[in-house]
Colleague: 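Submitted below is the structure of interest, expressed as structure tokens.
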Amino acid sequence: MSDIDFRRKINWHRRFRSPEGEKSEHEILRIFESDRGRIINSPAIRRLQQKTQVFPLERNAAVRTRLTHSLEVQQVGRYIAREVLSRLKEQNLLARYGLETLTGPFESIVEMACLMHDIGNPPFGHFGEAAINDWFRQRLRPDAACGDAQEDFHCAIATLRLKEGDDALNTLRCKVRQDLCHFEGNAQGIRLVHTLLRLNLTWAQVGCILKYTRPAWDAQTPPASCRYLMKKPGFYFSEEHYIARLRSELELGDYCRFPLTWIMEAADDISYCVADLEDAVEKNIFTVERLYHHLCARWGQHCQGDLFSQVVLDAWEKSRANNMRRSAEDQFFMYLRVNTLNKLVPYAAQRFIDNIKPVFDGSFNQALLEDDSPASRLLDLYKQVAMQHVFNHPDVEQLELQGYRVISGLLDIYSPLLMLPLADFQQMVSEGGVRHLPIETRLYHKLSSSHCLAYKEAVDKLSCSNPHYEVMEFYYRCRLIQDYISGMTDLYAWDEYRRLMAVA
Ligand SMILES: Nc1nc(=O)c2ncn([C@H]3C[C@H](O)[C@@H](CO)O3)c2[nH]1
Ligand SMILES: O=P(O)(O)OP(=O)(O)OP(=O)(O)O
Ligand SMILES: [Mg+2]
């Protein structure tokens, strides 16, 4: 009997009101069908339509947003999943791996993880992330939290400042300060799905979006064997217990990933690398001719039959022949996408199968498309050209700076809520406002009720007599502000900032 049995991983139970008892193949599929409905109908998915992929606040609807990007990732994810399954079937391995009756759920979990993979991204993408983290770092000074209590006077929040002789609380203070200064889109995605939207998805479906396994509060250097899996924070302190349960439900070892997550990651990499270049052409950042020139220059000498020739040169030549009565741009990208998919998808699928043991265990410490193969080199080529010629385009950088300013500005505007003494904020929450605090009351009214509910629920669970109470209350209050700001779309954040700064 093989020790690889996907029935142990494709856990269709839910945290609340879980289906119980034995389930037939059809019934299990229906459970995942329910996950699909919950995800597709969630407002967070719809908000992706106004979030930046590469070009902030883009008016041209042919240029990708996070939503259209995610639909493409979903499609590529399905392609890889089917490729994996059909290869396993050909080799008579489906039954051996416990997948015989689970091919439908396998595919569905991958697809929905792909659709959700950016669900927690803040407005303005990585710039939004940086703005949130810089803002909190400047105020909480997490680095100072590891040292001497006497030196810790830079932290702007008295409750979180280390106090001499207060060891147990100091450990918590360090943890909370680290955690709040490591906002990350993937970790926010887990929080959004579980704590804020309460989608109550199956364990397998949530496990598939746990892309990184590093706790956000962890300040240690990760062990070399998990360095890749712990490249970024993957979940917050607020979800610590939930993630512990998820790990046990999915039989995930320390810092290990859910096996299908590698497929989601590869689908994202394959999708965006061509799409970003196509969008850059649509935006007139370069012409197809210039792009082709950049690709040739970066690849170096290509020779007949190598991957570059089969994919890029082939697309170029076919688009020049122009026999389909489409624009040369459209043709080039159509061939480039098809050629790229036809090479990279089978390669990623085979890597999944070749490394099935560490992938199943969750310990495989690299991406499927991250090795010294021509396939990985091709992916890297696209990314390098985008980095050099697209992301640093003056118009893009200008908008990114504006995005950064908007997010930091919004945090400044909402910071009076963080500065309120505990009793005042609690009165605000319980009574919906405080008479002598007109500004804070109005700011509080702006927050979303689902975010406030998550705050209330978390704080209600704390015991007032617990010495941790004050630190934890403040922690959840900061999470509330981060939830609110990161949940905004680019356009909402932009409009809100201008309105509150009273700029026309
Ligand atoms: N505008 C912009 N600036 C950057 O520095 C940058 N780095 C990456 N990206 C885009 C590429 C992928 O679509 C997606 C995932 O990496 O985000 C960026 N976009
Ligand atoms: O698409 P993003 O912005 O989330 O960027 P990424 O390259 O997919 O990075 P991550 O590994 O943080 O999801
Ligand atoms: Mg991502």
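One-based numbering, in listed order, for ligands and for the atoms of each. What's counted below: heavy atoms across the whole structure, side chains too, no hydrogens, waters or symmetry copies. Position 1 is the first residue of the sequence; numbering continues from there.
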Colleague: Which one holds for Lys231 and ligand 2: side chain close, backbone close, both close, or neither close, with close meaning a heavy atom under 4.0 Å?
Modeller: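 It is neither; nothing of Lys231 touches ligand 2.
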Colleague: Here's a test for you: under side-chain contact (heavy atoms from CB on, under 4.5 Å), which of Arg247, Arg14, Arg15 qualifies with Trp203?
Modeller: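 Running side-chain contact (heavy atoms from CB on, under 4.5 Å) over Arg247, Arg14, Arg15 with Trp203 returns exactly one hit, Arg15.
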Colleague: Number the atoms of ligand 2 from 1 as they appear, then name those within less than 4.0 Å of a heavy atom of Asp268, with their elements.
Modeller: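 Near Asp268, meaning under 4.0 Å from one of its heavy atoms, ligand 2 has 8 (O).
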Colleague: At a 4.0 Å threshold, what atoms of ligand 2 neighbour a non-hydrogen atom of Glu184?
Modeller: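 Ligand 2 atoms under the 4.0 Å threshold to Glu184: 12 (O).
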Colleague: Between Gln482 and Arg479, is any side-chain donor less than 3.5 angstrom from a side-chain acceptor?
Modeller: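 Indeed, the side chains of Gln482 and Arg479 share at least one donor-acceptor pair under 3.5 Å.
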Colleague: Scan side-chain atoms only and decide if Asp218 and Gln220 contain a donor-acceptor pair under the 3.5 Å cut-off.
Modeller: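 Their side chains do not contain a donor-acceptor pair, so the 3.5 Å distance test is not met.
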Colleague: Using a strict threshold of under 4.0 Å (side-chain N to carboxylate O), is an ion pair present between Asp371 and Arg351?
Modeller: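 Salt bridge between Arg351 and Asp371, a charged N being under 4.0 Å from a carboxylate O: yes.
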Colleague: Decide whether Gln388 and Arg298 meet the rule of one side-chain donor and one side-chain acceptor closer than 3.5 Å.
Modeller: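 Checked: Gln388/Arg298 side chains pair up, N/O donor to acceptor below 3.5 Å.
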Colleague: Counting only heavy atoms, tell me which of His126, Gln53, His117 gets closest to atom 5 (O) of ligand 2.
Modeller: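 Heavy atom nearest to atom 5 (O) of ligand 2 belongs to His126.
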Colleague: Counting each atom of ligand 1 from 1 as listed, which ones have a heavy atom of Val396 under 4.0 Å away?
Modeller: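 It comes down to these atoms of ligand 1: 1 (N).
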Colleague: I'd like to check which ligand 2 atoms, numbered from 1 as shown, lie under 4.0 Å from a non-hydrogen atom of Asp118.
Modeller: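 So the atoms of ligand 2 that pass are 1 (O), 4 (O).
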Colleague: Taking only Lys NZ, Arg NE, NH1 and NH2, and the carboxylate oxygens of Asp or Glu, determine whether Asp134 and Arg405 approach each other closer than 4.0 Å.
Modeller: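 Looking at Arg405 together with Asp134, the answer is no, because their closest N to O distance does not fall below 4.0 Å.
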Colleague: List every atom of ligand 2 that sits less than 4.0 Å from any heavy atom of Tyr272, numbering the atoms from 1 in the order shown and giving each element.
Modeller: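 Once the distances to Tyr272 are compared, the set is 7 (O).
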Colleague: Going by an N to O cut-off under 4.0 Å, is there a salt bridge joining Glu457 and Arg198?
Modeller: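 Looking at Glu457 and Arg198, the cut-off is met.
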Colleague: With a heavy-atom distance limit of 4.0 Å, tell me whether Lys232 approaches ligand 2 through its side chain, its backbone, both, or neither.
Modeller: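 The part of Lys232 near ligand 2 is the side chain, not the backbone.
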Colleague: Answer with side chain, backbone, both or neither: which part of Asp276 has a heavy atom less than 4.0 angstrom from an atom of ligand 1?
Modeller: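 Within the 4.0 Å criterion, Asp276 contacts ligand 1 through side-chain atoms alone.
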Colleague: With atoms numbered from 1 as shown, which atoms in ligand 1 lie under 4.0 angstrom from a non-hydrogen atom of Glu400?
Modeller: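 In order of numbering, the contacting atoms are 1 (N), 2 (C), 3 (N), 4 (C).
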Colleague: Nearest to atom 16 (O) of ligand 1 by heavy atom, Phe55, Phe391, Phe124, Tyr272: which?
Modeller: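 Residue with the shortest heavy-atom distance to the ligand atom: Tyr272.
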Colleague: Regarding Lys446 and the six-membered ring of Tyr484, is the cationic atom NZ or CZ under 6.0 Å from the ring centre and inside 45° of its axis?
Modeller: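 Checked: cation-pi criterion not met.
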Colleague: Just to be sure I read this right, does ligand 2 sit under 4.0 Å from the backbone of Arg66, its side chain, both, or neither, counting only heavy atoms?
Modeller: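 The side chain, only.
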